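Reviewing the structure listed below.
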Amino acid sequence: MASARPELADRYYLDNFELLIASTRRYHPLFPAEQAQQLAQFQTLSEAAQRLLVRLLGRKGAWFRQSKLRYNDINDMAPALAELSEQQLLVSGVPPRDIWLQQVTLPELKQLPVINDAGLQRLPKAALIQTLLASDADCDSDGWLLQANQQLDERWWQLQCQGLLQLLQLLYFGNRNQDLTQFVVSELGLQRFEQYRLDASTQSFQQTDELQTALNLAQLADEWDELLRQKLPLDPVDFYQRLPKPQVQPQLERRRQRLVAHLGRSAERLNLWEFAVACYQQCQAWTANERYCRVLQQQLKLTPTAVIAEQLVQGLNQLWFSASNEAAQQVAHRLAKRSLPLLAPLCAEPTLTALARPLVAANHLAGQQQSLQLNADFIAAAPRVEQRTATYFEAQGYQVFFCENALLNGLFGLALWDIIFAPVAGAFHHPYQRAPQDMYSASFYEQRADAIEQRLTAILAGETAIIWRHFTEKQGLQNDWVNWSLLTEPLLTAALAAFSPQFIYDVIRRLLKDPKHYRSGQPDLALFSSEGACRFIEVKGPGDSLSDHQGYWLQFLGRYYPAELYFVDYV
DNA sequence: GTTGGGATTG
DNA sequence: GAATGTGTGTCTCAATCCCAACTT
DNA sequence: TGACACACATTCAA
Ligand SMILES: [Mn+2]
Ligand SMILES: [Mn+2]
């Protein structure tokens, strides 16, 4: 099955970087001055210097210790360093204290007289760093660091062109989470992608300041994530000042709003209600609208005014109106219900559309709930309650799959494979996509409505050959909907034998209605009896409770097959 | 000495 | 008990290297 | 590097 790994060229990383450059050629004239200059400088470098620079860019952080630079594939380090230094793509200096302390190893630290003399030899590294950072804060920290570095006898280098790499990656991949390693993983055959036709015509950005903004937003998001990760005090109001103004370019505006929503969330934790409201007001995401209403509700509790009450009524009605699935409706409904007593004294008669009619609660599962006690044998069989329950049902003679979302999502992905990867305008910008650009927006259906309807008609007529053909022909190819390691042949065989055409049709329709939402919350286990009949089981161990989207999936599935909520505990 | 997490590499 | 908010682990691409905890 | 599901804590409204 597994074929031998292809060998990569000796300079594969440089080739990949040059591919990144070549593929973003049409944007080069738009580059901001700094990145344009650095790109030009890169092109004039010797191969050794280019190699070293790309090696360093591929690593984490901007600071490197010269003594730790060892590359067999780069002839001589010294001239390459001198060249990069000459072009100011890499500069020498002493890093900030935290980075310095992080990169100097513990044995090295303990040997330094400045530390040895302070009597800190026995501490673990994290505590040592804490102590040094704290004690340096007030006294002469620069002097201390310089002295320590002199004792260490080390030279440090700092990358000056990480922004260039970020910009190239941003333009090539169109997102912040794919990078140079994607090329390697693909060339080695570890990830294989559908051979869709790329759309060369659509250009995401037209102006230099759009590129600058894209880069700024990416760096600000990085910075915010980093602050969050380090768990140090946040100032969302101050951070907001650094964000760009609302953007015309839709992609940029989406990213800006995502960051603004994060700031709003952090403002809530600091009880900065007005600022949180101001943040959420700028965001279009449904969840931002939800936060908006929650904050208004909170404000109404603290300082009841007619203005806030009116805003909340508007917000709640909008929230209800834009709820695109039952779980969202449930959220809007609950929020409205809890707001009503707060609104009553301030509004003549608040008309909350979310309360106009009763909702079916997610946990309304009449006749779909069971209890199960498992004994020590099953506890020993596996660590997770789902696996233990699977073992139990296997002992009952079922064929059991712990596949959660992989089964129904997989059916969706296989049934619509060719449509998902059809060359719609603007859908595919590079060869490493698991889905078209608009997979999770309304335009996915709209742009492909004819093909989808035609396929649905065929599915309803009992067509399963297309699913099998895609399963075989596309085996192993990346698809956001298909998890190949969970959607195995035995599972698909059992499922397609058990499922009615109407069921498959309705599942796909449901997923199409709100693909982002309905792709999660599907039951833990799929069971198939020896006669081939299927059952769905959502397992709930002690201390876990049903979430809304899980409950609504059980309600939906229960109209076709047994779909049960199993409360499992141990005797 | 071993192990385990993170960084690096292909 | 329902409804919220928040933290954690698991997927990870796989083999290797480095370093910092540990004696499992 | 998120998305997802679970685990756990806290706060509510009857
Ligand atoms: Mn589950
Ligand atoms: Mn479960």
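Just so you know, these numbers come straight off a predicted model, no measurement behind them. In the text below, chain A, chain B and the rest are named by the order of the sequence lines, each starting its count at 1.
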Whole angstrom is fine here: how far is it from [atom1] in [X] over to [atom2] in [N]?
X      : N      : atom1 : atom2 : result
A/D73  : B/dT9  : CG    : P     : 9 Å
A/R51  : B/dT9  : CZ    : C1'   : 14 Å
A/I74  : B/dT9  : CD1   : P     : 9 Å
A/Y432 : C/dC13 : OH    : P     : 15 Å
A/K337 : D/dA14 : NZ    : C1'   : 11 Å
A/R294 : C/dT6  : CZ    : P     : 11 Å
A/N271 : C/dG5  : CG    : P     : 13 Å
A/W484 : C/dC11 : CH2   : C1'   : 18 Å

Gap in Å between the two [atom1] atoms, one belonging to [N] and one to [M], rounded:
N      : M      : atom1 : answer
B/dA7  : D/dT1  : C1'   : 16 Å
B/dG5  : C/dT10 : C1'   : 16 Å
C/dT16 : D/dG2  : P     : 29 Å
B/dG6  : C/dT12 : C1'   : 14 Å
C/dA2  : D/dA14 : P     : 14 Å
B/dT8  : C/dG5  : P     : 38 Å

Look at the aromatic rings of [X] and [Y] and report parallel, tilted or perpendicular, splitting at 30° and 60°.
X      : Y      : value
A/W553 : A/Y518 : perpendicular
A/Y392 : A/F378 : perpendicular
A/Y566 : A/F393 : perpendicular

For the aromatic rings, using the six-membered ring if either is Trp, is the centroid distance between A/Y172 and A/F183 under 6.0 Å?
yes
Looking for any heavy atom pair under 4.0 Å, which part of the strands does [X] touch: base, sugar-phosphate only, or nothing?
X      : result
A/R55  : sugar-phosphate
A/R291 : sugar-phosphate
A/Y71  : sugar-phosphate

Where do A/N483 and A/A406 come nearest, in terms of heavy atoms and distance?
CB-CB, 4.2 Å
Of all the heavy-atom pairs spanning A/F412 and A/M439, show the shortest one and how long it is.
CE2-CE, 4.1 Å
Is the shortest distance from a Lys or Arg side-chain nitrogen in A/E154 or A/K68 to a carboxylate oxygen in the other one below 4.0 Å?
no
B/S/- contact track for nucleotides 1-13 of chain D, protein heavy atom under 4.0 Å
SS-SSSS----SS
Mark up nucleotides 16-24 of chain C, 5' to 3', with B wherever a protein heavy atom is under 4.0 angstrom from a base atom, S wherever such an atom reaches only the sugar-phosphate, and - elsewhere.
---SSS---
Is it true that, when you exclude A/Q121 itself, more than 12 heavy atoms of the residues, nucleotides or ligands shown sit nearer than 6.0 Å to its CD?
yes
Over 12 foreign heavy atoms within 6.0 Å of CD, A/Q284:
no
Tell me whether the OP1 or OP2 atom of [N] has a side-chain N or O from [X] closer than 4.0 Å.
X      : N     : result
A/Y13  : B/dT8 : no
A/R265 : C/dT6 : yes
A/R59  : B/dA7 : no

Measuring from the side chain of A/S485 (C-beta onward, heavy atoms only), which nucleotide among C/dC13, B/dT8, C/dT12 has the closest atom?
C/dT12
A/R55 NZ/CZ over A/F64 ring centroid, <6.0 Å and within 45° of normal
no
Among residues at least two apart in sequence or on other chains, which ones pass salt bridge (Lys or Arg N to Asp or Glu O under 4.0 Å) with A/D153?
none
